[in-house]
Structures are given as C-alpha cells and as structure tokens.
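Structure first, then comments.
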Amino acid sequence: MKIVVVGGSGVIGSRLCSRLCGMGHEVFDASPVEGVDVLTGAGLAAMLEGAQVVVDVSDAPAPGGTSAPAFFSKAGQQLMAAELAAGVRHHLVLSVVGADRLVRGDYFRAKFDQENLVRASGLPYTIVRSTQFIHFLGAIADDATASDTVYLPAALMQPVDADEVADALALCAVNAPLNSIVEIAGPESVTLEAAVRRYLAAVGDTRAVTTGADARFFGVELAAQTLLAGDDAHHCSITVDQWSREKRDDFAISGGLRHV
C-alpha cells in the first residue's frame, strides 16, 4: 500500500515512516526535504498519485514564520483538495488531546480548526489526539520560566513517549478509517509540576519548579483535567522516569518540539 506521510522527516514522521516501511508498505515523505510544499501545493499532486493513505504529522514553522492558524488552514485546504483529486481513501491527522478545550490559545485553536477541516473534507478520516510528548516537557518549562523559576498551573497531564505514539499511528494508518477521534495517552496522570520537575532533574537542569495561581500553559488557563484524555483512550507504557533513563539521548534536550 502506498502511504504518504506529510512531515515525514520530523521527529514523529521519521519514526512513523520507519515503522510503516518495516510493515512492508511503500512509504513517501511529503516534506520540503523531498520537494513538497503543503502551503503552496508544489509537488503534492505528483506525490499523492496512487496513494491510498495520507498521514499528516506536519507542524507549523517555528516562531517568526507562518503563524499556526494560517499554516494549518492553508496547508489543510491544499492537502484536502489534492487528496480528493488523487482519490485518497484514508486521511489520518495527528492532533492534541484537549484541542477543543484549549481554543483560547492560538496553536491549539489552529489544531482544532485543522480537525474541523478534515471532518468537512468528504475524505474518510481518522483523527488521532495525543497527550503531550515527554520530550516536550523541556519546551513547557522554557515557556513557563521567569527568573530561573518555572511557574506552572496546578493541572494534571499524561506525558507520552513519541515512539509509542508512532506505533499507534502506524496501526491506525493501515486500518480502515474510523471517521472519528482516537486518543493516545501516557500511562500516568501526574501534575505538570511533578512531570516537569522529574524531567528537568533527569537532564541536569537546576531550575526551581512551582505552581502559581496565575500560571498559564502557553498562555491558556487550565482546569485540573484539561490536558487529560478520555476514558476510552489508548494508554501507552513508558513513564517519564523510564524515558529519562532509556530514551532521552535520542532527542535534542534543549528547545524541545512543538506538539506534533
């Protein structure tokens, strides 16, 4: 089966491509590295020719580039039109658990709008929402730091390992479209404070971590369970502590990665 991965050279995309190739599928990376631009549509038609499945794990550019709302809107429209023309039979997109509850934040609202584009496209689809990646805890800390102290909301999260997300995406990609949402979550519900504190200790970061009444999560006020997946979520197995022992050197620790 021909599967096109949009953003296939990224952290999740590269892992997903490797897994799908290992399952015997014909896998193509639709990214600028391979001459495909989802914003302009350049290279899309040729890349999608004969594709049965498209998996979108692309992300908005770093700050200073196209804004997240503009990126996901324009890229989504280009993708949907090209996939419909190519006769793609399954569109799979990676989104964020709580995207519908975090719409006051530009990035999360953009992800929710992206989901809605997929739903309205007429393509058979599966939306996979993931909780925050463990290696993203560094970026969460950086955004919440003031004067060498990390100030976080008193909310819960379920950090998840990126490799396990790639495993779940691969299974969803080779199965029939669900025309609904699947949620993927880490194995433990912990406070943001505890998760970030454990992560920073594991990477040798000495910043203090505390909760603050006015603290925000990327500018968004959180309730206690805003970041938690629902009861029907698929729960992975790797904890923050296990990831820190076994996997952290596979990722660039500083700077982190935006969710997808």
Side-chain angles (χ1 to χ4, degrees), residues 59-60 63 68-69 94-113 115 127-162 164-165 181-245 247-248 251 253-260:
D59 196 15
L94 179 60
S95 189
V96 185
V97 164
D100 53 335
R101 303 187 293 266
L102 293 162
V103 292
R104 291 191 176 183
D106 284 350
Y107 183 81
F108 303 107
R109 185 180 69 252
K111 292 301 292 180
F112 187 53
D113 289 345
E115 293 181 4
I127 295 169
V128 179
R129 287 180 177 172
S130 169
T131 55
Q132 299 296 319
F133 300 155
I134 294 171
H135 72 272
F136 187 55
L137 291 170
I140 292 173
D142 292 345
D143 185 74
T145 296
S147 301
D148 293 326
T149 297
V150 181
Y151 296 94
L152 294 166
L156 295 168
M157 71 182 313
Q158 296 164 304
V160 67
D161 173 45
E164 293 191 290
V165 173
I181 296 169
V182 174
E183 290 191 326
I184 305 169
E188 54 184 350
S189 295
V190 296
T191 63
L192 275 164
E193 178 190 9
V196 170
R197 188 190 305 278
R198 286 155 58 186
Y199 175 91
L200 294 183
V203 302
D205 191 318
T206 60
R207 278 177 288 178
V209 183
T210 188
T211 56
D214 297 324
R216 297 291 183 266
F217 182 76
F218 294 97
V220 182
E221 184 176 358
L222 295 183
Q225 299 193 16
T226 301
L227 300 179
L228 298 185
D231 293 339
D232 295 332
H234 168 75
H235 288 273
C236 299
S237 63
I238 295 174
T239 66
V240 174
D241 291 339
Q242 183 180 354
W243 184 92
S244 298
R245 290 192 303 269
K247 296 195 172 190
R248 66 185 181 90
F251 293 87
I253 298 301
S254 63
L257 175 81
R258 201 188 296 253
H259 184 92
V260 298

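For the single chain, residues carry numbers from 1 onward in sequence order.
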May I ask you to test the [X]-[Y] pair for a side-chain heavy-atom distance under 4.5 Å?
{"X": "Glu164", "Y": "Ser237", "answer": "yes"}
{"X": "Thr191", "Y": "Met157", "answer": "no"}
{"X": "Arg207", "Y": "Val196", "answer": "no"}
{"X": "Leu222", "Y": "Leu102", "answer": "yes"}
{"X": "Thr226", "Y": "Val220", "answer": "no"}
{"X": "Val97", "Y": "Gln158", "answer": "no"}
{"X": "Ser95", "Y": "Arg129", "answer": "yes"}
{"X": "Val96", "Y": "Gln132", "answer": "yes"}

Hits for side chain to side chain donor-acceptor pair (under 3.5 Å) against Asp106, two or more places apart or cross-chain, chain-then-number order -> Arg109
Which of Tyr199, Phe218, Trp243, Phe217 passes ring-ring contact (aromatic ring centres under 6.0 Å, His included) with Phe136? Answer is Phe218
In terms of heavy-atom contacts, Phe112 and Ala99 come closest through CB-O, 3.8 Å
Of all heavy-atom pairs linking Lys111 and Leu94, the shortest is NZ-O, 2.9 Å
Contacts of Gln242 meeting side chain to side chain contact (heavy atoms under 4.5 Å, CB included) (sequence neighbours excluded), chain-then-number -> Ile238, Thr239, Arg245, Glu246
